[in-house]
There are 2 protein chains.
Amino acid sequence: MEIEERSTAARIRDAAIECFATEGIGGTTARRVAAIAGVSPGSVINHFGSMEGLREACDRYLLSVTRDRKERAMTAGPNLDVLASLRDGTHPHLMAYLAEVLSDGSPSVAELVDGMVSDAEGYLAQGVESGMLQPSDDPHGRAVIMVIWNLGLLSMHHHLFRLLDVDLTDPAFASTPAIGNYIRPIMEIYGNGVFTAEFMSSTREAMTALAEHGVTPDSPEEGNAQEGTP
Amino acid sequence: MEIEERSTAARIRDAAIECFATEGIGGTTARRVAAIAGVSPGSVINHFGSMEGLREACDRYLLSVTRDRKERAMTAGPNLDVLASLRDGTHPHLMAYLAEVLSDGSPSVAELVDGMVSDAEGYLAQGVESGMLQPSDDPHGRAVIMVIWNLGLLSMHHHLFRLLDVDLTDPAFASTPAIGNYIRPIMEIYGNGVFTAEFMSSTREAMTALAEHGVTPDSPEEGNAQEGTP
DNA sequence: CATTCTGTTGAACAGTTGTTCAGTGCGAGC
DNA sequence: GCTCGCACTGAACAACTGTTCAACAGAATG
């Protein structure tokens with residue numbers, strides 16, 4: 001099950017990750033992977049049983065790399081950037097591979113996302129304790145939203161690149177000059193919010209009702225909820 | 001170029017949207033679309049030239065529907081929910097189709113996203129004028145981030161459903177009981193932010209430097225920037 | 001040296017794909 | 001009633017796909 005590094009299987013798996021990342025999932029064929037890895041098409045199936053098996057191996061590898069680096073990063077203290085562990089340049093296509101597979105429901109990607117969420121819950125709690133972050137009425141929900149906002153940005157990196165000139169899949173992303181375009185608005189929202197205090201207090205009763213019962217088709221705050229729904 | 005409604009071409013196009021939405025882009029074939037539409041495979045190509053042409057027709061249709069409803073929604077006042085116009089049940093698979101195509105860089109989807117961003121800029125400006133929203137140092141950047149956060153949530157709806165029990169592609173989404181799980185944390189962040197005022201003021205100098213020069217590989221605020229990068 | 005074993009090959013197979021096109025049916029216009 | 005035109009069919013085609021497998025090389029083992 002475990003793949004020896006520097007082995008042929010590892011070369012094939014890395015070639016597959018590169019192919020999935022650059023050609024997309026649909027554009028990846030056994031022959032193309034074989035060509036990149038410098039082996040025969042038969043060898044690809046020989047090692048992984050099928051193309052689906054190869055895809056699963058890539059997912060498992062993504063998961064294991066993330067876990068390895070996460071442990072190393074843990075010692076360096078909490079970090080709100082759930083993706084930082086994939087951006088060290090050792091595996092240049094891993095981030096783009098993740099971006100590609102995020103929006104299809106593979107089980108091991110789900111496991112990865114769930115892990116990121118529970119990590120984020122821990123980091124957020126630490127941030128609250130240390131006085132850096134505000135406490136939340138719904139710590140789990142806040143962690144889910146923040147993690148998926150992040151991953152969503154990654155999976156839409158084409159649009160983000162077009163609109164803000166920032167490439168989230170670039171290993172050298174952190175030293176892009178335009179990175180301010182990306183961080184500035186996010187820090188502004190995370191720092192001050194978007195709604196004014198007046199607006200929040202004027203809709204407080206609707207919000208607490210929402211927190212208790214949820215929105216029902218004919219709940220009276222429907223009008224406000226629609227305007228406020230992001 | 002314009003497709004007559006109720007025509008065979010329209011039926012094929014709707015079948016394609018359904019197929020793209022439910023089977024994914026890779027899982028959609030000419031024969032499957034033909035079966036759903038109740039026509040022969042040849043007819044599919046006859047009407048749209050090729051499968052790529054069919055895909056483009058679907059994108060164009062998505063764009064035109066969005067524009068139509070947007071105009072109608074304009075009269076009802078600004079609305080921060082950029083997706084509300086697609087959620088009226090007339091075309092039950094349009095939202096799921098959008099979710100499917102968001103993460104691949106089709107030109108007309110790019111046009112759609114750009115339109116949503118410039119709409120959002122307008123709505124946000126109106127919200128600022130009316131006192132509902134805080135002004136921003138970077139109105140364009142804020143609009144981009146907020147729109148792509150939203151679209152990213154949509155494109156990751158599988159994960160969101162697993163984690164918060166909310167299905168963004170469901171036409172009846174607004175009346176789901178669990179919708180509070182989704183709205184509550186977002187309203188909290190948009191209302192109050194995430195960082196504390198103390199943390200924000202302690203990193204103010206780093207933030208203003210960022211706003212002016214961006215982050216460079218050896219800029220001194222690198223440490224803080226990493227902790228703050230979401 | 002002979003033999004086994006492991007890893008690799010690449011030709012071949014069956015299945016699916018997009019696309020073509022001669023032929024069919026059917027309704028409108030005369 | 002006849003004919004024309006058009007939309008549609010579905011069998012056929014070439015190009016691809018994942019997968020199989022007999023053959024092969026080369027190192028390790030006896």
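Just so it is clear, the values below take in all heavy atoms, side chains as well, and ignore hydrogens, waters and symmetry mates.
- Using a 4.0 Å cut-off on heavy atoms, none of the residues of residues 15-22 of chain B approach DNA chain C.
- Among pairs with a residue in residues 138-147 of chain A, those fulfilling side chain to side chain donor-acceptor pair (under 3.5 Å) read Glu121(A)-His140(A), Asp138(A)-Arg184(B), at least two apart in sequence or across chains.
- Asp114(A) is linked by a salt bridge (Lys or Arg N to Asp or Glu O under 4.0 Å) to Arg162(B), counting only residues two or more places apart in sequence or in another chain.
- Taking the C1' atoms of five terminal pairs at each end of the helix from dC1(C)-dG30(D) to dC30(C)-dG1(D), the two resulting helix axes are inclined by 10°, rounded to 10°.
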Please list, one pair per line, the donor and acceptor atoms closer than 3.5 Å that link side chains of residues 15-23 of chain A to other protein atoms, with sequence neighbours excluded.
| from | atom 1 | to | atom 2 | distance (Å) |
| --- | --- | --- | --- | --- |
| Thr22(A) | OG1 | Glu18(A) | O | 2.9 |

Identify each donor-acceptor pair in which a side-chain atom of residues 42-51 of chain A lies under 3.5 Å from a protein atom, sequence neighbours left out, and give them as a table.
| from | atom 1 | to | atom 2 | distance (Å) |
| --- | --- | --- | --- | --- |
| Ser50(A) | OG | Glu52(A) | N | 3.4 |
| Ser50(A) | OG | Gly53(A) | N | 3.1 |

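- With 3.5 Å as the limit, one finds no donor-acceptor pair spanning the side chains of Tyr97(B) and His91(B).
- Scanning for side chain to side chain donor-acceptor pair (under 3.5 Å) contacts around Thr28(B) gives an empty result, with sequence neighbours left out.
- As rounded to whole Å, 13 Å separates atom P of dT19(D) from atom CZ of Phe48(A).
- Contacts classified as salt bridge (Lys or Arg N to Asp or Glu O under 4.0 Å) and involving residues 144-161 of chain B (residues at least two apart or in different chains) are not found.
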**Study point:** Per-nucleotide protein contact string for nucleotides 6-21 of chain C (B base, S sugar-phosphate only, - none; heavy atom under 4.0 Å)
**Key:** --BBB-B----BBBB-
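- Arg55(B) pairs by the salt bridge (Lys or Arg N to Asp or Glu O under 4.0 Å) definition with Asp59(B), Asp104(B), not counting sequence neighbours.
- In this structure, the salt bridge (Lys or Arg N to Asp or Glu O under 4.0 Å) partners of Arg67(A), at least two apart in sequence or on a different chain, are Glu111(A).
- Looking at residues two or more places apart in sequence or on another chain, you find a side-chain contact (heavy atoms from CB on, under 4.5 Å) between Ala172(A) and Asp170(A), Ser175(A).
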